[in-house]
Amino acid sequence: MKKTAVPLDHPRRVSLEIRERVIEGHEKHIVAMAGLLAHGRGEAFDYLIGEKTTDQARESARAAVAALLAANHPVISVNGNSCALAAKELTVLSEVLGAPLEINLFYYTREREDAISRALKKAGAKRILGTHDRPSSTIPELSSNRRKVDSEGIAVADVVLVPLEDGDRTEALRALGKLVVAIDLNPLSRTARHASITVVDNIVRIVPLMIEYAQEMKDISKEELKSIASSFDNRTNLSNCVHMMMSHLESEAHDWEAARSVAQEGGITR
Ligand code: ATP
Ligand code: MG
């Protein structure tokens, strides 16, 4: 499909450009068909937070970075959507955190694995785990090829960053006793609910910020990092995120009510 240039003054330009990247990822076999739908769900929730990084997301991203820096074996899981949207940024984050990238696909095909691997290498990744030629272990409780994880990656990780992950896998990782950090725009998803720390924001906006935080926090003692991470309460976080969405909707509703009053005062009925 030919890429359409989004006009500079288009009110939804940023969102449309992000969408184009996912479509392009699909054309390059990086993003599965279902990934296009998952992106649409993310867009809807992004609307509800006003398409900007909230203070709540910043706070959870700090706790997330603290947990990843304090880890003995941190790993960043990469799927099609996260690769299409943030290959470069995840590669930089992986370097700053000393956390390897592991390809982990819900809809596995060898073609998709190769396409993601190529994109990550192009983005500068030197070490990629989870490929077909790597030693693998299995996660109990998950079915078929979704249970496969890299023996030197997620299998032995104590902290795993899962951007845009499916709920089943998040639950399985938690059942194995791992600390799971999720990036997910939907605070109601199973991933968001089951993760230890959920960053409710768009991966495109939050990963660059997480890189900054990692650079700022990398000299903090492990003890202090652990205390920042463990004092984070994900239930409070998710509750705050939902309240934020509700107040965003309420302010939209008030705007409409105010517009209606103005129109009525002016004698305009429609
Ligand atoms: P779950 O399985 O956790 O209940 P789900 O089945 O609703 O979630 P999945 O397709 O399994 O959805 O996971 C994709 C998740 O990624 C969704 O919750 C979606 O809101 C989120 N998402 C999509 N695009 C983005 C994005 N750009 N940034 C952050 N999150 C996103
Ligand atoms: Mg799901």
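- Residues Val14 and Val204 fail the side-chain proximity criterion, which asks for heavy atoms closer than 4.5 Å.
- The closest donor-acceptor contact from the side chain of His29 to the backbone of Arg112 lies at 3.5 Å or more, if one exists at all.
- Residues Leu69 and Ile220 fail the side-chain proximity criterion, which asks for heavy atoms closer than 4.5 Å.
- Looking only at atom types and distance, the side chain of Arg174 has a donor-acceptor partner in the side chain of Ser196 under 3.5 Å away.
- At a threshold of 4.5 Å between non-hydrogen side-chain atoms, the residues Ile49 and Asp201 count as touching.
- For the pair Lys178 (side chain) and Ala155 (backbone), a donor-acceptor distance under 3.5 Å is present.
- Electrostatic pairing of Arg58 and Glu212 does not count as a salt bridge here, judged by no charged N lying under 4.0 Å from a carboxylate O.
- With Glu102 as reference, Val149 is the one residue of Ile76, Val160, Val149, Val78 to meet the side chain to side chain contact (heavy atoms under 4.5 Å, CB included) rule.
- A distance of 11.0 Å separates CD in Glu24 from CG in Leu85, rounded to the nearest 0.5 Å.
- Under a 3.5 Å cut-off, the side chain of Lys222 and the backbone N or O of Ala71 do form a donor-acceptor pair.
- Between the OG atom of Ser60 and the CG atom of Asn234 there is a distance of 8.0 Å, given to the nearest 0.5 Å.
- Two residues are said to be in side-chain contact when any heavy atoms from C-beta on lie closer than 4.5 Å; Arg12 and Glu51 meet this criterion.
- Under the 3.5 Å distance criterion, with hydrogens and angles disregarded, no donor-acceptor pair is assigned to the side chains of Asn186 and Ser189.
- Looking at Ser239, its side chain never comes within 3.5 Å of a backbone N or O of Arg235 through a donor-acceptor pair.
- Counting only distance, with no hydrogens or angles, the side chain of Ser77 and the backbone of Asn104 share no donor-acceptor pair below 3.5 Å.
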Side chain to side chain contact (heavy atoms under 4.5 Å, CB included), that's the test. Do Met210 and Glu89 meet it? Break it down for me. CA-CA 9 Å; Met210 287 173 76; Glu89 293 77 3; over 6 Å; no

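- Expressed to the nearest 0.5 Å, how far CG of Asn240 lies from CE of Met245 amounts to 12.0 Å.
- Looking only at atom types and distance, the side chain of Asn79 has no donor-acceptor partner in the side chain of Glu165 under 3.5 Å away.
- Screening residues 34-48 for salt bridge (Lys or Arg N to Asp or Glu O under 4.0 Å), with sequence neighbours left out, gives Arg19-Glu43, Asp46-Arg205.
- From Arg110, atom CZ reaches atom CG of Leu105 across 12.0 Å, with rounding to the nearest 0.5 Å.
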Just do the side chain to side chain contact (heavy atoms under 4.5 Å, CB included) check on Phe232 and Arg62 with the steps written out, would you? CA-CA 10 Å; Phe232 183 84; Arg62 273 193 181 279; over 6 Å; no

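- The pair Glu17-Arg21 does not count as a salt bridge, with every side-chain nitrogen at least 4.0 angstrom from each carboxylate oxygen.
- Salt bridge annotation for Arg118-Asp114: absent, with no cationic side-chain nitrogen under 4.0 angstrom from a carboxylate oxygen.
- Side-chain contact check for Pro187 versus Thr198: every heavy-atom pair is 4.5 Å or farther apart.
- Counting only heavy atoms from C-beta outward, the side chains of Arg190 and Thr170 never approach each other to under 4.5 Å.
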Does Asn81 form a side chain to side chain contact (heavy atoms under 4.5 Å, CB included) with Ile203? I'd like the steps, not just the answer. CA-CA 10 Å; Asn81 286 51; Ile203 186 173; over 6 Å; no

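- Between the side chain of Ser261 and the main chain of Glu257, a donor-acceptor pair closer than 3.5 Å is present.
- Here Glu20 contributes atom CD and Glu27 contributes atom CD; the two are 8.5 Å apart, rounded to the nearest 0.5 Å.
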Passes side chain to side chain contact (heavy atoms under 4.5 Å, CB included), Gln56 versus Asn237? Steps please. CA-CA 7 Å; Gln56 188 63 41; Asn237 171 42; 2.9 Å; yes

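- Under the 4.5 Å side-chain criterion, counting only non-hydrogen atoms from C-beta, Val242 is not in contact with Leu238.
- Although no hydrogens or angles enter the test, the distance criterion places a donor-acceptor pair under 3.5 Å between the side chain of Ser94 and the main chain of Ala99.
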